[in-house]
Amino acid sequence: MKIFTAKKFSGDIMEIKYKHLLRILEISNKAVTAKTLAEKLKISSRTVMNYIFNINSVIPGLILSSQNGYSLQNSLWKSADLLKQKNFFPQTPDERINLLILKLLLNDKNIFITEFAENIHVSAETIKKDIATMQKNFKNSSLKIFTSKGKIILNGSEQDKRNILSNSINQNLSYTRLSLHELQKIFLTLPVFEIHDILMKTLDKNNFFVNDSIQVNLIRDILITISRIKLLKILDEKICIKLQPITLILIEKIESLCKIKFCENEIQEFQRLIFSYLLPKNFSELSFAELQKIFPTSTNKILEKVIDYMQKNLPFLKLDDNFLVRFSLNLHNFLRRKDCGKITVNPQLEDMKNASPFIFCITKNIVLKIAEFSRKNFTEDDISYLSVHIGLALKKIRKNFLEKIKCGLLITPYFDFDVDLRRDFLKIFGNEIEIIGESKTETNLTQIKTAQLIFSTVPLENNFPTDWIVINPLLTEKNIEEISQKILQERQKNRKNILSKFLSEQIFTENVSSEILNFGDNWNIFGDIYLKIEFVNDIEKNILTIHREKNLKKFKKQHIKIFLDFKFSPTDWEFAFYIVDNLVDYLNNISSNRKLEMKFGL
């Protein structure tokens, strides 16, 4: 099923009545009723509510509702002038479709095509085209959308409706971040934070937990479940699983809090949902062999194939029990969520991609295999979650030899202060430098003259052949900052030299061939760079083929400037790690790296 992508609504002029409505709320010292707004705007109370729904669909929670009427959330209204210029009418088919899904599934009122079109200032014919697009994208589900006597009707299984609603909420919040605060703005009548607290405390008491970065996805789907039950939209598909005590405890607490009743089908599905997120608190005490006895056969078969792929293609990964327990638990839950039709959003996606393009790329290679073995679709959000496991596994064995500056150390004796100073200095900078020689006197510097940088407690001659910096015996904050800056400068010099040498040996081509574009799933986007990494056994030397475009090339809706196609020997994985992350960083900072770009025509 296609996921509709909602972006910020574009446009320069806000429709006058929307602007007038917001102005009325802005200058009012108290909440304003729908009747009062209708009289001032010369529209019906029902149209007022449609306007407010449309505005909150674009900026969730901007207009607050209470028993006394409507008011603005002042902090959100004042946070950016752009909000006051925002066009509240969806501009693209995807935006209109997302709005329509929310209106169809988050309330029990009939939606008429002419009224919906009028409210967002498009023609009824435009909405009919959007409905036809929706039906095409629903082809792999039970959902069917059509009109009858002017009314828009969405039929299909309740499970598919909840899944498409979950996806639409994700996309509606794509311009901000999926969080409890944003969910509260969508589910105004539900106690979002209380539900979260009940869930977390109950899990903790029963020796379970949910990773912080993924919790909000579970809360989103629980809120959808509660909302649909409140609308008397009950699941019609029955599954047979053994109920766990924690399921019944949570159900009882949610029923009491939200004044609803779960039927048998809903209880079964609720358990299936929460157990696709739960992790045991004692995971560190478990072994991979023990987990294999618990996992279903389908999960074990996929794990077996994925582990075999990693052993053959990424032999530098240390697949010990510590890694396999965490990785397999996470993967098992991913597969469970795919079975439920859920898509997991990671609010840290961009941070994870930018933290290390190398880690993200090799994780994607693994995930492509998981997708092949499981016949399920995975997203970049899924990749980012699994990349944590790969990144931490590599961090344990990575020596960072290319990152470290080769240094000499000259600390002259003074009582036993020199011993303390050496210890404190290495405690602060030990991970950033490699000491290749040490001396205690100025007369014996032969061992450290070949160093890239010398740290000395005494000033050296101005014409000394090696760059140096003085260590203050007190290691003051100012001195530590000066040393840090000097190490950073030397590291930047090293990076440019290493990258320049590597690039001088590589292959450059003009214009991207269609053959390259046919392998789009293997490529990863970082800024205006497309990147692919492959590890090849018995390769004679590491190869980078650089495909350059004189003009930005639009590929998969992205404008791409450079295609970087890496082939590395697995034994050189640390070198690959260094080259990939630094080259992507350099090329995405054009202004600061213009010389490198000009030198190699990038």
Side-chain angles (χ1 to χ4, degrees), residues 302-320 323-324 327 353 356-373 378 380 383 386-387 389-391 393-403 495 498-526 529-548 555 560 562-587 600 602:
I302 292 169
L303 276 169
E304 183 182 348
K305 292 178 181 178
V306 172
I307 292 170
D308 182 63
Y309 167 80
M310 290 191 288
Q311 288 173 333
K312 290 178 179 176
N313 295 275
L314 305 170
F316 47 86
L317 276 176
K318 189 178 180 182
L319 305 183
D320 57 14
F323 172 84
L324 289 175
F327 180 83
K353 285 185 71 174
S356 174
F358 174 81
I359 290 172
F360 193 86
C361 286
I362 65 170
T363 305
K364 183 175 181 179
N365 292 345
I366 295 169
V367 171
L368 286 173
K369 287 297 175 183
I370 296 172
E372 177 188 330
F373 301 145
F378 285 79
E380 282 201 331
I383 296 168
L386 290 177
S387 70
H389 297 274
I390 304 302
L394 292 179
K395 183 179 179 180
K396 289 181 179 179
I397 59 174
R398 192 183 182 195
K399 297 177 181 177
N400 290 322
F401 62 92
L402 289 169
E403 292 282 357
R495 287 176 182 173
I498 293 170
L499 288 176
S500 294
K501 184 177 184 303
F502 178 73
L503 287 172
S504 67
E505 302 169 350
Q506 306 312 316
I507 303 167
F508 289 75
T509 65
E510 294 288 352
N511 301 321
V512 179
S513 68
S514 57
E515 182 182 354
I516 292 170
L517 299 183
N518 288 335
F519 292 93
D521 285 343
N522 295 316
W523 293 87
N524 303 271
I525 299 174
F526 297 93
I529 297 169
Y530 237 39
L531 173 64
K532 180 161 71 77
I533 302 172
E534 182 182 357
F535 284 98
V536 182
N537 292 310
D538 302 322
I539 193 172
E540 291 185 5
K541 72 168 189 173
N542 300 313
I543 300 171
L544 166 61
T545 305
I546 303 176
H547 310 277
R548 298 170 296 188
F555 180 53
I560 305 302
I562 304 171
F563 287 71
L564 303 177
D565 188 355
F566 288 96
K567 288 182 174 61
F568 289 105
S569 166
T571 57
D572 287 336
W573 71 270
E574 279 211 62
F575 180 72
F577 200 144
Y578 182 91
I579 289 292
V580 170
D581 282 3
N582 283 288
L583 184 56
V584 170
D585 180 60
Y586 266 74
L587 296 181
F600 295 101
L602 299 178

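Predicted model, so just to flag it, every value in this text is computed and none were measured.
Here the straight-line distance linking atom NZ of Lys369 with atom NZ of Lys364 works out to 14.0 Å at 0.5 Å rounding. With values rounded to the nearest 0.5 angstrom, Thr363 atom OG1 is found 11.0 Å from Leu368 atom CG. The distance from atom CD of Gln311 to atom CG of Leu317, rounded to the nearest 0.5 Å, is 10.0 Å. Taking NZ of Lys567 as the start and NZ of Lys532 as the end, the distance is 4.5 Å to the nearest 0.5 Å. From Glu403, atom CD reaches atom CD1 of Ile498 across 8.0 Å, with rounding to the nearest 0.5 Å.
Contact of the Leu314 side chain with the Asn365 side chain is not registered, since no non-hydrogen atoms from C-beta on lie closer than 4.5 Å. Looking at Phe316 and Thr571, their side chains never come closer than 4.5 Å, going by heavy atoms from C-beta outward. Taking 4.5 Å as the limit, some side-chain heavy atom of Phe360 sits within range of a side-chain heavy atom of Ile383. Looking at Leu564 and Leu587, their side chains come closer than 4.5 Å, going by heavy atoms from C-beta outward. Proximity of Cys361 to Val580: side-chain heavy atoms (C-beta onward) are nowhere separated by under 4.5 Å. You'll find the side chain of Phe323 reaches within 4.5 Å of the side chain of Ile390, heavy atoms only. The side-chain heavy atoms of Ile366 and Leu386, taken from C-beta on, include no pair separated by under 4.5 Å. The closest side-chain heavy-atom distance from Tyr530 to Ile525 is below 4.5 Å.
With ring centers used as reference points, Phe575 lies under 6.0 Å from Phe502. The six-membered or imidazole ring of Trp523 lies near that of Phe563, with a centre-to-centre distance under 6.0 Å.
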Give the intermediate values and the outcome of side-chain contact (heavy atoms from CB on, under 4.5 Å) for residues Ile546 and Leu503.
-> CA-CA 9 Å; Ile546 303 176; Leu503 287 172; 3.7 Å; yes

So Ile539 and Phe568, side-chain contact (heavy atoms from CB on, under 4.5 Å) or not? Walk me through it.
-> CA-CA 7 Å; Ile539 193 172; Phe568 289 105; over 6 Å; no

Residues Leu583, Leu544; criterion side-chain contact (heavy atoms from CB on, under 4.5 Å); working and verdict = CA-CA 11 Å; Leu583 184 56; Leu544 166 61; 3.8 Å; yes

Show your reasoning for whether side-chain contact (heavy atoms from CB on, under 4.5 Å) applies to Trp573 and Ile362.
-> CA-CA 11 Å; Trp573 71 270; Ile362 65 170; over 6 Å; no

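The aromatic rings of Phe577 and Phe358 sit parallel to each other, their planes meeting at less than 30°, with 60° as the upper class boundary.
When every heavy atom of Phe535 is checked against every heavy atom of Asn313, the shortest pair comes out as CB-O, 3.6 Å. Closest non-hydrogen pair, Pro570 versus Val536, comes out as CD-O, 3.4 Å. Gln506 approaches Asn542 most closely through the heavy-atom pair OE1-O, 3.8 Å. Nearest heavy-atom pair, Ile359 versus Ser387, reported as atom, atom and distance to 0.1 Å: CG2-O, 3.5 Å. Nearest heavy-atom pair across Glu574 and Ile397 is OE2-O, 4.2 Å. The two residues Ile529 and Val584 come nearest to each other via the heavy atoms CD1-O, 4.0 Å.
Both tests hold for Lys353 against Phe526: distance to the six-membered ring centre under 6.0 Å, angle to the ring axis within 45°. Within the cation-pi definition used here (under 6.0 Å to the ring centroid, within 45° of the axis), Arg495 does not qualify as a partner of Tyr586.
Counting non-hydrogen atoms of neighbouring residues, nucleotides and ligands closer than 6.0 angstrom, the CD atom of Glu540 reaches no more than 12 such neighbours. For Glu304, the CD atom sits in a loose shell: 12 or fewer heavy atoms of surrounding residues, nucleotides or ligands are nearer than 6.0 Å.
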